[in-house]
Amino acid sequence: MEIAKEMELFKNTKVYDWHEHVNSKGSTDELDEERCDRLAEHVRLLHIDKVAVSYPSSRIEPPERITAMNNVVAKGVKRHPGLLYGLCFVDPHHGGYAAAEIERCVRDMGFIGVKLYCQRAIDDPLQYPIIEKCIELDIPILMHSFKYGEHRCLKGEERTSHAVHFRNVAKRYPEAVFIVGHIVNGDWHWQLKGLADCPNVFADISGSTYDQNVVDSFVSAFGAERVLFASDGSFSASVGKILGAEISVKDKLTILNAPRFAKYIDRRDN
Amino acid sequence: MIIDVNTYIGHYPFRKTKYRTASDLIGLMDKYGIEKSCVASLNAVYYKDCMEGNYELLGEIEPYKDRLIPFCVINPEYNGAADDFKICVKEMGFKGLRLFPKQQGYKLDGKLSTEMLRLAGEIGIPAHIPLQLEDLRGHHPLDIVEPIGAEEIKQAALAAPETDIILSNEYLQYYAQVIEPACKGRSGRIYYDIGRLDCLYLTWMDEMLRETGYDRLVFGTGAMLQTIPVQFIKLYYMNATVGTTPEQIEMIKSGNLASLLEI
């Protein structure tokens, strides 16, 4: 397999990666610049043009810590303008703070969306103010998602969202836009079910799982326009999944170009 | 040349797969430019008597025996296991032993599996242990929950010091950090496939190379359950991200395995 030739697919089109992270140095409020620069260097090697980054936590963090984490993201975005774009992490336990923090990140720091994690499932009523704020601001929500096997759920992540939760909330809020984070990880067969008729739910293919024909399965169920390229740090697996997908080149380009999502970044650029 | 250490034909019980036959495997190998593959029967993993699967495999790969290198699946704790293994190697031409302790319900460092590993070492056949067949975080209720742990492999390796061992399909840098310091005195070598390592953004390949160097890394895809091009991405970008030379890439692609299997 001639990877140089195969990567022309990425090189000759605009590629959006919808799920990446930046971090702080240890428990400080300082951006881990080395790691951020490594991310930037390696996405450029892979001809990835635009990357949505966040700094989430699986714990319940105090609001001031969440503010600091989002500020770390802003530093990463500032360090690599035109490449990195911020997603604001919030925790629905913090009520009004969450909506206010989203407002701050979008209006003051130019963030393009929201990242949620496993503190509550996406269809929990505590999430409603967050979702309504995102509808108001016309920004997408990337939610960490997993359908674990019976004995594999990580401690503290018992409220991780999966397809059932997304279906519930997508029907309640048809104007909202939801991304199922790394939908191909865990029991992806479960994740395939019940979402085909939810046009406001999108699948990001990031993560370290690369089962044969997994991307094909989501394209078949959702259509390529609802499948988004993303890596979440697993670049070989994620790029390899695209190159190995047995779908048309047109569908691969649609996944990479994200035509229904590009506006969130393009409007920031403009 | 590329030799893939970790491939399967047969039926996988936990999800429908597009590719199952030896002909399918050859088709994928041709598509991606893989010259030879070490292949075992997926059926044998789940049969009570693995030998039924081993016989099926041999029949199916017969037209492709210049390209498909058969590895036999043996459950060391099953009746007649040692005799079956000898038959596989001496009469049926199998070139490797593939073990599935978790799926088949035994400990790799147990008495009978230790005897099997030692027998493999005596005969000069490598023991291949795929730590998982696919990512287990979404496991079926009847499937195993986790891969074998590094400590169990370390103990098994120490108990069969002359046996060459190949490990596949996990974050093997963590395993190497446990196994390598303890196993330096072994005459048998331990090989690790690049299946779940990454050289892009993540530092896993660096961490692995610190433990093993290049002469014990091998190319393994997990086909036909896993997407093959993932491994080619690593081979291509390792030079840019880790400083791997073309000669070292060739070692991973085939040199190390060809030397082990005397191809």
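Lettering of chains follows the sequences in order, A, B, ..., and the numbering in each one begins at 1.
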Distance in Å, B/H139 NE2 paired with A/D187 CG, rounded so as to fall on 0.5 Å steps: 9.5 Å
Spacing of CG belonging to B/L235 relative to CD1 belonging to A/I3, to within rounding of 0.5 Å: 8.5 Å
Under 4.5 Å from any heavy atom of chain B - which part of A/E246: side chain
Chain B interface, residue from A/E41, A/K241, A/E150 that has the most non-hydrogen pairs under 4.5 Å: A/E150
NZ/B/K107: more than 12 non-hydrogen atoms of other groups inside 6.0 Å: no
Chain A contact residues among residues 212-226 of chain B, heavy-atom distance under 4.5 Å: B/T221, B/M224, B/L225, B/Q226
Note, A/R35 side chain near B/Y201 side chain (heavy atom, < 4.5 Å): yes
Chain B contact via A/W188 - which portion, at a heavy-atom distance below 4.5 Å: side chain
Heavy-atom contact with chain A under 4.5 Å, split by part of B/Y32: both
Heavy-atom pairs under 4.5 Å with chain A, option from B/D143, B/L136, B/L202, B/I34 with the top count: B/L202
Trace of the side chain to side chain donor-acceptor pair (under 3.5 Å) decision for B/Y171 with A/S208: CA-CA 10 Å; B/Y171 303 119; A/S208 54; 3.0 Å; yes
Gap between atom OG of A/S236 and atom OH of B/Y236 - 0.5 Å precision: 13.0 Å
Part of A/L46 lying under 4.5 Å from any heavy atom of chain B: both
Chain B contacts, top residue of A/L45, A/V43, A/L243, A/V239 (heavy-atom pairs, under 4.5 Å): A/L45
Contact listing (chain A partner; residues 4-25 of chain B; heavy atom under 4.5 Å): B/R15, B/K18, B/Y19
More than 12 heavy atoms of other groups within 6.0 Å of A/E34 CD: no
Chain A interface, residue from B/Q231, B/R196, B/K234 that has the most non-hydrogen pairs under 4.5 Å: B/R196
For B/P229 against A/G244, the heavy-atom pair lying closest together: CG-CA, 3.6 Å
Under 3.5 Å: donor-acceptor pair, side chain of B/R137, backbone of A/R152: no
Residue A/A4 versus chain B: region with a heavy atom under 4.5 Å: both
Trace of the side chain to side chain contact (heavy atoms under 4.5 Å, CB included) decision for A/M1 with B/K31: CA-CA 8 Å; A/M1 186 180 198; B/K31 180 176 179 181; over 6 Å; no
